[in-house]
Amino acid sequence: MQTLEQLLEGLNEKQRAAVSVLSGPLLILAGAGSGKTRVLTNRTAYLMANGIPGDQILAVTFTNKAAKEMKSRIEQLLMGAMDSFRMPTVGTFHSICVRILRQEIEKLEQGYTSNYVIFDTDDSQKLLKMIMKDLQIDEKEIKVRGLQGIISSLKNQLVFAHNVSGALADWGTSKLTEAVEQVYPEYQKRLREHNALDFDDLLMKVVEVWEKCPDVLEKYRNKWQHVMVDEYQDTNFVQYRMIRLLVDKHQNIGVVGDDHQSIYSFRGADFRNILDFEKDFPDATVVKLEQNYRSSGNILDTANKLISHNETGRKKDLWTEAEKGERIKVQEVWDEKMEGNYIAEQIKGMMNGEHETDFVPKGYKDMAILYRMNAQSRAIEEALMRHQIPYQIIGGTRFFDRKEIKDVLAYLRLIFNSRDDVAFLRIINVPTRKLGAATIEVIKKYANEYQMSLYEVLEAVEDISELPASKKMVLKDFWKQIEMMKGKYLNGPVTILLGYVIDDFKILEYLDDGSGEGEARQQNVRELLSVATRYDATDDSLASFLEGVALVADIDNHNKDTDTVTLMTVHASKGLEFPVVFLPGWEDGMFPSSSSQFDAAQLEEERRLGYVAITRAEKLCGITHAKQRMLFGRTEYGSPSKFLSELGTDTVEVVEYQGGGEGRSGYQYRSAGREGYKGKVTFSHPLMEKGKAKKGDTIRDKTSMSAEIAAMNNAPQSREEALFGDAHKENDSGFGVGQRVKHASFGEGTIIQISGDVLSVAFAGEGVKKIVASSSPIEKI
DNA sequence: TTAACGACGCTAGTA
DNA sequence: GCGTCGTTAA
């Protein structure tokens, strides 16, 4: 019984009440910083300590990172306390659905097999474009993205392709809805033909199979008798439906969330799910966690004041025992460059001990810069570089979205599932095999005629009279190479297969164009090898690797151990906390974003986003707003965010911009009085005007400039550099990058970087190790 | 068939 | 400001 006590130790009364609910519906309304994660993990452990087998518990988190953290915390809690235990299933909706569908999808009898592939937004866009071409829908008239968006939201509402016309009745008739009616069913048909699912399908198909096959649903109801859902306010309709199906029998459903932190309605999330929980489950135990352990008093009060301007949502009284601390500082700056400079100087100042406050940051890692959109990062990055401040940036172009990475992955996808036409088209001429549109068209025609996938056509390519002999040979060789790899390496460790793909298809040679960017692309491909080693030990190495890379989010790669400032969007920062937080760009049209200008519900969502932003801060929070800003190549004038005037004056210190802006002193700025900002909304957003960007007069070479600054600085400039360092192709002892080696204690691995005599080797299961080539037990294989 | 060039549109946020 | 895409020249 010792363990039970321990699991409740150190919790406040409310937290304890939540943790000790062993069954039935439970709603935990957890304000920002109220110890939500702790409650979630301790409750899981508590259930297990009370005799509920771990494998009967399902916990759904919002990101893979959260899942990983939760698992390791549960392990820590129970290790030593229990002799043996089975781990609960912890994962995101998407990752859990992937696993369910690997087992069950064939039961749908739609032609899917368990080795289906996952299409990302890019893949599905390509497919949609092909369909539009075939259906002769003009891409200029109907935007692919718009179409994709509507199809996605239909799927999130569980509208199936066969009843799309009924669902679209509410939308009225337009060119767009007509297009959707035509395209959506065709899109689903082609996905089936490709044995592919898009992100929305992953959820939808699970609901479909559960609704169609009661025995399958029954199996999962028995398997997971206790279900917990984190960030419940961000669930959408399909996810809600899934949960209901799963728990309606045993009713053991615990959800945690905060309607004030619902910031994902743009992708279908509906915070009414959390508001209606008690209606859905009348017997629910409701626990409100309102004590905040994260932020000092002034920060919390400011956040509370901001969110109080929202009309929808539950009223909460978030309080803290912490002292008032520093006031939030609102600083006006000239433009985005000076904003970057200001933030960089503040950071430098704090690191040099020139702080005006009692709080002393322990390092760069205590600080974060959270912005509304990724495009804001550029000016800030440049300022940080100039000030030699190390940083890591989350988001922007994801590693797995880079072209070279997607190309290599497309090879693996084609090897894994030869029906994947999108993968086929991506790589059939990459590296170039001198195949053009004409050749591809012939293959497409043939595939269409005989109802085959594009790849299958290659097997009988000799029979196609329309192709010249030279093309036939090239195509057949390609086919033979892929077949050979399928035969030899399909079921082995994915690193081996990947190594051969990179080698045999001469990917590195192809990427080497002599430029710095070419070099960076090669490094990315090598990095992919080291990522792959993590999957080598799994049973179905290739499948789990492809799944893993399809479902990673940017935030999953956040490293809180390296001593760097963190840059990311406010969206990505949800669930995190930092002693010092900078919030740039609080101007109308930026934050709140211009799209919320005429929509009260969207404006409230922006306000919630502002609330999330401020509540990330523990000790210091600095907000900046610029008089003017370069956006999409144009200079825009902005007034201070309307949110600033909602923060009150007691807990906020306002500093106006002093001095002129480079040759722009004529600009008159309305000063903010003591009662805070009263700026009127005059921001004009370039997306709203149909103006044309004027061409830039000077073209700056970004790479050379970054390299120049990087040379002045020995700290890693970016994630890339931190990962790759300064690598050379081959060293004196004859080791080469990409080569497979064997180490006496670490086993087999792949060289991913060479720096003099020091090799960086990615070992399966061991991660990347630095090894001195001349004095280590290492040999080539 | 490919490389070079200019027009165009975008960026809100994401699994 | 920048990448993508389609057109054009070689």
J.: Tell me which nucleotide among B:dA12, B:dG13, B:dA15 gets nearest to the side chain of A:His571.
T.: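 Looking only at heavy atoms from C-beta outward on A:His571, the closest nucleotide is B:dG13.
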J.: How about A:Glu605 and A:Phe266: do any of their side-chain heavy atoms sit closer than 4.5 Å?
T.: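 A:Glu605 reaches A:Phe266 side chain to side chain.
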J.: Looking at A:Lys205 and A:Glu104, is any side-chain nitrogen of the basic one under 4.0 Å from a carboxylate oxygen of the acidic one?
T.: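 No, no charged N to carboxylate O under 4.0 Å.
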J.: Starting at CZ of A:Arg608 and ending at C1' of B:dG13, how long is that distance when rounded to a whole Å?
T.: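 One finds 13 Å between C1' of B:dG13 and CZ of A:Arg608, rounded.
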J.: For the side chain of A:Glu605 and the base of B:dA12, is some donor closer than 3.5 Å to an acceptor across the two?
T.: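 No, no donor-acceptor pair under 3.5 Å.
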J.: Using the C1' atom as the reference point in each nucleotide, state the distance between C:dC5 and B:dA12 in Å, no decimals.
T.: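 So the two C1' atoms sit 23 Å from each other.
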J.: What nucleic acid atoms does A:Ser95 come within less than 4.0 Å of, heavy atoms only: base, sugar-phosphate, or nothing?
T.: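 Contact class for A:Ser95: none.
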J.: Is the ring centre of A:Phe266 under 5.5 Å from the base ring centre of B:dG13, and are the two planes under 30° apart, so that they stack?
T.: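 A:Phe266 vs B:dG13: stacking yes.
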J.: Using a 4.0 Å heavy-atom cut-off, does A:Lys574 contact any base of the nucleic acid, only the sugar-phosphate backbone, or nothing at all?
T.: nothing
J.: Of the candidate nucleotides B:dA15, B:dG13, B:dT1, which contains the atom at the shortest distance from the side chain of A:Thr569?
T.: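 Selected nucleotide (nearest to the side chain): B:dG13.
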J.: At less than 4.0 Å, is any side-chain N or O atom of A:Thr432 found next to OP1 or OP2 of B:dT1? Yes or no.
T.: no
J.: On the nucleotide B:dG9, are OP1 or OP2 found under 4.0 Å from the side-chain N or O atoms that A:Arg145 carries?
T.: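 So the side-chain polar atoms of A:Arg145 never come under 4.0 Å of the phosphate oxygens OP1 or OP2 of B:dG9.
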J.: Base, sugar-phosphate or nothing for A:Leu435? Non-hydrogen atoms, less than 4.0 Å.
T.: sugar-phosphate
J.: Mind calculating the distance between NZ (A:Lys129) and C1' (C:dC5) to the nearest angstrom?
T.: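 So the NZ-C1' distance, A:Lys129 to C:dC5, works out to 8 Å.
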J.: Find the distance A:Arg378:CZ to B:dA12:C1' and express it as a whole number of Å.
T.: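 Rounding to the nearest Å, CZ of A:Arg378 and C1' of B:dA12 are 18 Å apart.
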J.: What is the distance from CE of A:Met590 to C1' of B:dC10, rounded to the nearest Å?
T.: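 These atoms are roughly 14 Å apart.
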J.: Are the aromatic rings of A:Tyr371 and A:His571 close, with centres under 6.0 Å apart?
T.: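 So the answer is no for these two rings.
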J.: Has A:Ser596 got a side-chain N or O lying under 4.0 Å from the OP1 or OP2 atom of B:dA12?
T.: no
J.: Does A:Arg267 make a side-chain N or O approach to OP1 or OP2 of B:dA12 shorter than 4.0 Å?
T.: no
J.: Which part of the nucleic acid, if any, lies within contact of A:Glu606, taking any heavy atom under 4.0 Å across all strands shown: a base, the sugar-phosphate backbone alone, or nothing?
T.: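 Answer is base: heavy atoms of A:Glu606 come under 4.0 Å of a base.
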J.: Indicate the atoms forming the closest heavy-atom contact of A:Ile263 with A:Asp234, along with that distance.
T.: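 Nearest pair, atom of A:Ile263 first, then A:Asp234: N-OD1, 3.4 Å.
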J.: Go through B:dG13, B:dT1, B:dA15 for me and flag the one nearest to the A:Arg372 side chain.
T.: B:dG13
J.: Output the rounded distance in Å from CD (A:Gln376) to C1' (B:dG13).
T.: 12 Å
J.: Categorize A:Lys403 for me: base, sugar-phosphate, or nothing, with a 4.0 angstrom heavy-atom threshold over every strand shown.
T.: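 No contact.
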J.: With A:Lys133, which residues qualify under salt bridge (charged side-chain N to carboxylate O under 4.0 Å, His left out), at least two apart?
T.: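 Testing A:Lys133 for salt bridge (charged side-chain N to carboxylate O under 4.0 Å, His left out), a comparison that skips the adjacent residues, returns none.
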J.: Within the structure, does a side-chain N or O atom of A:Asn156 lie under 4.0 Å from either OP1 or OP2 of B:dA15?
T.: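 Looking at the OP1 and OP2 atoms of B:dA15, neither is under 4.0 Å from any side-chain N or O of A:Asn156.
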J.: With a 4.0 Å cut-off on heavy atoms, is A:Ser152 in touch with a base, just the backbone sugar-phosphate, or nothing at all?
T.: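 No contact at all - A:Ser152 keeps every heavy atom at 4.0 Å or more from the nucleic acid.
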J.: Where the side chain of A:Ala438 is concerned, which of B:dT1, B:dA15, B:dC10 is the nearest nucleotide?
T.: B:dT1
J.: Decide whether a cation-pi geometry holds between A:Arg267 and A:Tyr264; the criteria are a distance under 6.0 Å from NZ or CZ to the six-membered ring centre and an angle within 45° of the ring axis.
T.: yes
J.: Roughly how many Å is it from CG in A:Leu603 to C1' in B:dA12, rounded to a whole number?
T.: 15 Å
J.: Given B:dA15, B:dT11, B:dA12, which nucleotide is nearest the side-chain atoms of A:Ser593?
T.: B:dA12
J.: Please give, in whole Å, the distance from B:dT14 P to A:Met373 CE?
T.: 12 Å
J.: Is a salt bridge present between A:Asp335 and A:Lys627, judged by a nitrogen-to-oxygen distance below 4.0 Å?
T.: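 No.
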J.: Looking across every strand, which nucleic acid part, if any, lies under 4.0 Å from A:Gln125 by heavy atom: base, sugar-phosphate, or nothing?
T.: nothing
J.: Quick one: A:Arg607 CZ to B:dG13 P, roughly how many Å, whole number?
T.: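 Result: 21 Å.
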J.: Side-chain N or O of A:Asn374 versus OP1/OP2 of B:dA12: is the shortest distance under 4.0 Å?
T.: no
J.: Name the nucleic acid region contacted by A:Asp201, choosing base, sugar-phosphate or nothing; use a 4.0 angstrom heavy-atom cut-off, strictly under.
T.: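 No contact at all - A:Asp201 keeps every heavy atom at 4.0 Å or more from the nucleic acid.
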J.: By nearest nucleotide on DNA chain B, pick out whichever of A:Ile263 and A:Lys434 is the more 5' one.
T.: A:Lys434
